[in-house]
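See structure below.
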Amino acid sequence: MDKGLTRSYARENDVLYLAQGSPRPAISEERGEGVLVGRDPHSGEIVGWTVIDFDRRFRGGRSSLALPRR
C-alpha cells in the first residue's frame with residue numbers, strides 16, 4: 001500500500017483531512033481541540049488526521065499544528 005500523505009479540504013465545512021496512504025475506515029479520537037486522529041481498528045496504527053476549522057485557525061500562519069504520531 002502507498003504510504004504517501006494524501007489530503008483533502010472541505011471548504012464549505014472548513015475541515016482538512018489527511019490520510020497516510022489511501023483513505024480507509026478508522027476509529028477517531030480527539031487529540032486536542034478540533035484535531036482528530038484516525039486509527040486502524042485492528043492494528044491501532046494511525047491512518048489519518050482531521051483538522052476542524054483549519055482555515056480559521058491557520059490563516060496567515062498565525063498558529064502551528066503538530067500531528068500526533070502515536
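From a predicted model like this one, the values you see are computed outputs, not experimental measurements. Throughout, residue positions are numbered sequentially from 1 according to the sequence presented.
Side-chain atoms of Asp53 do not come within 3.5 Å of backbone N or O of Arg56 as any donor-acceptor pair. The backbone N or O of Gly21 lies less than 3.5 Å from a partner atom in the side chain of Thr6, making a donor-acceptor pair.
Checked against salt bridge (Lys or Arg N to Asp or Glu O under 4.0 Å), Asp14 has no partners two or more places apart in sequence or in another chain. Evaluation of the salt bridge (Lys or Arg N to Asp or Glu O under 4.0 Å) rule for Glu45 yields Lys3, Arg24 as partners, not counting sequence neighbours. Residues satisfying the side chain to side chain contact (heavy atoms under 4.5 Å, CB included) criterion with Pro41, sequence neighbours excluded, are Ile27.
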> side-chain contact (heavy atoms from CB on, under 4.5 Å) between Leu36 and Glu29: does it pass, once the steps are laid out?
Replying inline: CA-CA 5 Å; Leu36 302 163; Glu29 57 187 53; over 6 Å; no
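Two different hydrophobic clusters hold Val47 and Val37 under the rule that ILVMFWY side chains link at heavy-atom gaps under 4.5 Å.
Heavy-atom minimum distance, Val15 versus Tyr9: O-CD1, 3.3 Å.
With values rounded to the nearest 0.5 angstrom, Glu30 atom CD is found 7.0 Å from Ile52 atom CD1. How far OG of Ser8 is from CG of Leu18: 9.0 Å, rounded to the nearest 0.5 Å.
Here the side chains of Val51 and Phe58 are in contact, with some heavy-atom distance below 4.5 Å.
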